[in-house]
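Step one of this worksheet: look at the structure below.
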There are 2 protein chains.
Amino acid sequence: MDQSPPRSSSVTVADVARKAGVSKATAARVLGGYGTVSDHVRDAVTAAARSLNYQPNELARSMTTGRSGTIGVVVGDIENPFFSLAMRGITDVARQTGFTVILINSGEDADAEKSAIRTLLAKRVDGLIVSPAKESDADHLREAARSGRPLVLLDRGSETLDIDTVIADDRHAAENITRRFIALGHRRIAYLTACDTPDHRFRAPTDINTGSVRRRIEGFLDVCQKAGLERMEDWVHVGAVTPEHTYRIATVMLKSSRRPTAVIASDSVIGLEVFKVCRELGLTIPTDLSLVSFHDADWTSVTTPPVTVVRQPVYGLGEAAAKLLVERLNGNSAEATRVVLKTEIVERASVATAPA
Amino acid sequence: MDQSPPRSSSVTVADVARKAGVSKATAARVLGGYGTVSDHVRDAVTAAARSLNYQPNELARSMTTGRSGTIGVVVGDIENPFFSLAMRGITDVARQTGFTVILINSGEDADAEKSAIRTLLAKRVDGLIVSPAKESDADHLREAARSGRPLVLLDRGSETLDIDTVIADDRHAAENITRRFIALGHRRIAYLTACDTPDHRFRAPTDINTGSVRRRIEGFLDVCQKAGLERMEDWVHVGAVTPEHTYRIATVMLKSSRRPTAVIASDSVIGLEVFKVCRELGLTIPTDLSLVSFHDADWTSVTTPPVTVVRQPVYGLGEAAAKLLVERLNGNSAEATRVVLKTEIVERASVATAPA
DNA sequence: TTGAAAGCGCTACCAT
DNA sequence: ATGGTAGCGCTTTCAA
């Protein structure tokens with residue numbers, strides 16, 4: 001047919017139109033798949049496009065339509081299995097509905113998150129899914145929500161924010177675990193979280209900026225209080241931001257003479273580290289220490305003993321968030337929804353009665 | 001000052017220019033940070049922009065400059081720890097160099113990958129990082145490379161492709177493991193991979209479309225052959241595409257009367273499943289079966305026994321790919337590079353001499 | 001230093 | 001059914 005097709009980047013509708021011997025408008029109609037064209041012309045344009053190796057410019061398309069077919073996602077850390085699985089849920093829905101995903105890691109840093117949202121908005125994403133690092137200053141979220149681009153909060157988000165949110169019933173899960181521990185005679189129960197406070201000490205749930213974790217700690221403290229356990233705030237450890245930090249915190253905690261007899265790990269990365277420290281210190285699970293971790297990570301089922309976990313519907317969280325966003329994009333403008341997905345406790349063998 | 005700022009989406013340079021009492025061109029110069037402007041005018045424009053809450057439209061900017069500040073990434077499955085870690089390396093470099101990342105999952109499907117690349121190109125990404133599902137038909141890769149947008153292949157890519165590539169020394173790693181096994185007296189050594197063939201049976205390395213895996217199997221077979229082991233092709237199992245598939249394959253394999261005494265798992269998801277099946281069948285590692293897995297996943301260090309792995313510099317793979325891409329974007333047009341990162345065998349306790 | 005005007009490639013509206 | 005044309009919001013000559 002033709003010799004070497006020209007560099008694709010420069011072929012425009014105008015070129016195709018010229019080659020097909022029709023107007024730019026007509027060529028655009030068939031290339032863009034809108035309006036009405038006769039079969040004859042359609043074939044001619046299609047042929048011309050192919051022979052020129054025409055590649056549409058989505059940027060130009062977005063410019064005029066005002067829609068980019070893109071959704072922006074801001075997560076704490078894509079390396080964390082929690083987020084990578086949620087991301088899978090998001091991207092699956094995106095693909096099915098014809099959207100493309102821009103991903104930005106905030107590193108759980110509020111400033112980075114703000115700039116990420118600004119960048120995404122500047123790139124004219126059609127909507128946003130954000131897993132906010134902090135909820136104390138949520139002005140950028142409110143602003144984003146008001147920018148006209150739909151915003152859905154993932155896994156976090158406080159009740160005070162009038163924004164679509166998809167979370168798990170973290171509080172409920174934490175309450176269940178705590179009750180179980182207490183029923184088994186545990187009194188020294190520790191909670192470990194990556195969330196940090198300015199002075200790395202915990203005083204009250206309001207110190208915690210991450211909604212999902214705050215709710216869990218509230219549930220934990222509530223149940224403890226109702227059971228007559230006092231000053232359980234002292235057993236909440238914050239700042240397990242990296243495995244190294246967790247290692248240090250867990251080591252100090254478990255070497256203490258008044259060490260806990262039960263531990264709740266706020267995510268699987270923390271749970272893994274606690275497990276390792278136990279080994280290192282020669283503590284036997286569950287005889288010496290009972291352990292429950294949030295997130296049903298793969299490793300939890302192959303350890304000896306396998307560890308009891310809170311299974312969160314992580315993929316479903318991402319999926320639901322994306323579906324909700326797409327609905328908004330399709331014009332659903334009902335008031336802000338709050339989707340709460342059920343968690344489930346997977347009993348394995350890391351929980352036992354408190355040592356005497 | 002002003003009353004409620006207008007909906008940000010509609011504020012353009014023209015609006016700012018009008019408010020600041022300068023021409024559109026001048027306003028654009030300060031807003032875009034190019035050209036020269038007097039301090040006085042700069043201040044006026046900046047003030048006007050702030051009071052109107054001006055948000056630049058990157059789409060329009062990209063239209064005229066031809067650069068979008070975006071790189072497209074196509075991976076097999078972001079849920080896989082391997083890819084999520086590599087992705088972390090990529091996004092970190094991207095952020096540092098002012099780029100934004102569009103992520104598409106191919107699901108290891110060649111057609112999906114093609115359409116992903118097309119989409120990305122249509123969105124005018126500045127460059128691409130792809131982890132190709134198959135290498136047999138790499139026309140779309142060649143075409144992408146010729147489109148003028150730099151392309152870097154991640155973890156995979158054959159020698160015949162004249163495209164920038166970042167991989168690990170998989171072959172070397174596989175050779176080492178195999179030699180070790182043979183030295184320990186193993187003769188029935190199985191290799192399990194997710195890569196599949198049309199009839200789900202393995203005959204020769206050329207059946208394998210994924211470069212990294214093909215290289216490993218080549219290394220495996222080579223060492224076997226030199227050691228005088230014959231028909232080791234029969235011990236290569238393909239099609240462990242999901243945990244369920246792996247479960248089935250591993251179960252059949254390990255229940256067989258001529259079951260292997262050593263297994264090499266081609267990734268950590270497969271390794272985990274093999275570990276589970278061993279448990280279920282009551283096989284003791286390493287007494288009954290030696291196990292080595294590729295990818296130093298978190299779970300491998302907490303099992304009993306902990307499992308020996310090939311540690312690949314996964315984060316570094318992503319990082320190197322992104323750095324290489326950014327160099328290209330900055331004009332480096334030397335000929336295609338092939339970066340090979342070193343792997344390391346992490347000795348743990350899942351390898352022993354062959355059972356008698 | 002500043003301004004006017006011409007595009008970037010496409011869609012969308014209004015005629016014909 | 002088809003063509004002409006006016007933008008989208010920005011950058012980038014070219015003059016002044």
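Predicted model only: the values in this text are computed from it and were never measured.
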Please set out all donor-acceptor pairs under 3.5 angstrom arising from side-chain atoms of residues 95-104 of chain B, sequence neighbours excluded.
unit_1: B:Arg95; atom_1: NH2; unit_2: B:Asp92; atom_2: OD1; d: 3.4
unit_1: B:Thr97; atom_1: OG1; unit_2: B:Val93; atom_2: O; d: 2.7
unit_1: B:Thr97; atom_1: OG1; unit_2: B:Ala94; atom_2: O; d: 3.2

(request) Using a 4.0 Å heavy-atom cut-off, write out nucleotides 10-16 of chain C from 5' to 3' as B (base contacted by protein), S (sugar-phosphate only) or - (no contact). (result) BBBB---

In whole angstrom, what separates [X]'s [atom1] from [N]'s [atom2]?
| X | N | atom1 | atom2 | result |
| --- | --- | --- | --- | --- |
| B:Leu59 | C:dG9 | CG | C1' | 12 Å |
| B:Met63 | C:dG9 | CE | C1' | 5 Å |
| B:Arg67 | D:dT12 | CZ | P | 11 Å |

(request) Using a cut-off of 6.0 Å, state whether more than 12 heavy atoms not belonging to A:Asp109 lie near its atom CG. (result)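 Yes, the 6.0 Å shell around CG holds more than 12 heavy atoms from other groups.
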
(request) Find the bend of the helix from C:dT1-D:dA16 to C:dT16-D:dA1 as the angle between its two terminal axes (five pairs each), to the nearest 10°. (result) 40°

Rounded to the nearest 0.5 Å, what separates atom [atom1] in [X] from atom [atom2] in [Y]?
| X | Y | atom1 | atom2 | result |
| --- | --- | --- | --- | --- |
| B:Ser10 | B:Asp15 | OG | CG | 7.0 Å |
| B:Arg88 | B:Thr91 | CZ | OG1 | 6.0 Å |
| B:Asp126 | B:Arg67 | CG | CZ | 5.5 Å |

(message) Can you tell me if B:Thr26 touches the phosphate of C:dT2, counting only side-chain N or O atoms and a distance under 4.0 Å to OP1 or OP2?
(response)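 For C:dT2, neither OP1 nor OP2 has a side-chain N or O of B:Thr26 closer than 4.0 Å.
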
(request) Using side-chain contact (heavy atoms from CB on, under 4.5 Å) as the criterion, point out the one residue from B:Leu317, B:Val340, B:Leu341 that pairs with B:Ile167. (result) B:Val340

(request) Could you point out which residue of B:Val73, B:Ile71, B:Leu121 forms a side-chain contact (heavy atoms from CB on, under 4.5 Å) with B:Leu128? (result)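 The residue from B:Val73, B:Ile71, B:Leu121 that satisfies side-chain contact (heavy atoms from CB on, under 4.5 Å) with B:Leu128 turns out to be B:Leu121.
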
(request) Mind checking A:Ser38 for me? I need base, sugar-phosphate or nothing, with any heavy atom below 4.0 Å counting as a touch. (result) sugar-phosphate

(message) With the threshold set at under 4.0 Å for non-hydrogen atoms, list the residues of residues 39-46 of chain B touching DNA chain D in residue-number order.
(response)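 Within this stretch, nothing sits under 4.0 Å of the strand.
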
(request) Over all heavy atoms of both residues, which pair between A:Pro132 and A:Leu154 is shortest? Give the atoms and the distance, please. (result) CD-O, 4.3 Å

(message) Looking at every non-hydrogen atom in both residues, tell me the closest pair between A:Ala110 and A:Ala133 and how far apart they are.
(response) N-CB, 4.3 Å

(message) B:Asn57: which residues meet the side chain to side chain contact (heavy atoms under 4.5 Å, CB included) condition with it, sequence neighbours left out?
(response) A:Arg124, B:Leu59, B:Ala60

(request) If a pair satisfies side-chain hydrogen bond (donor to acceptor under 3.5 Å, both in side chains) and one of its residues is in residues 22-37 of chain B, list it, with sequence neighbours excluded. (result) B:Ser23-B:Thr26

(request) Could you work out which one of C:dT1, D:dG3, D:dA1 sits closest to the side chain of A:Val22? (result) D:dG3

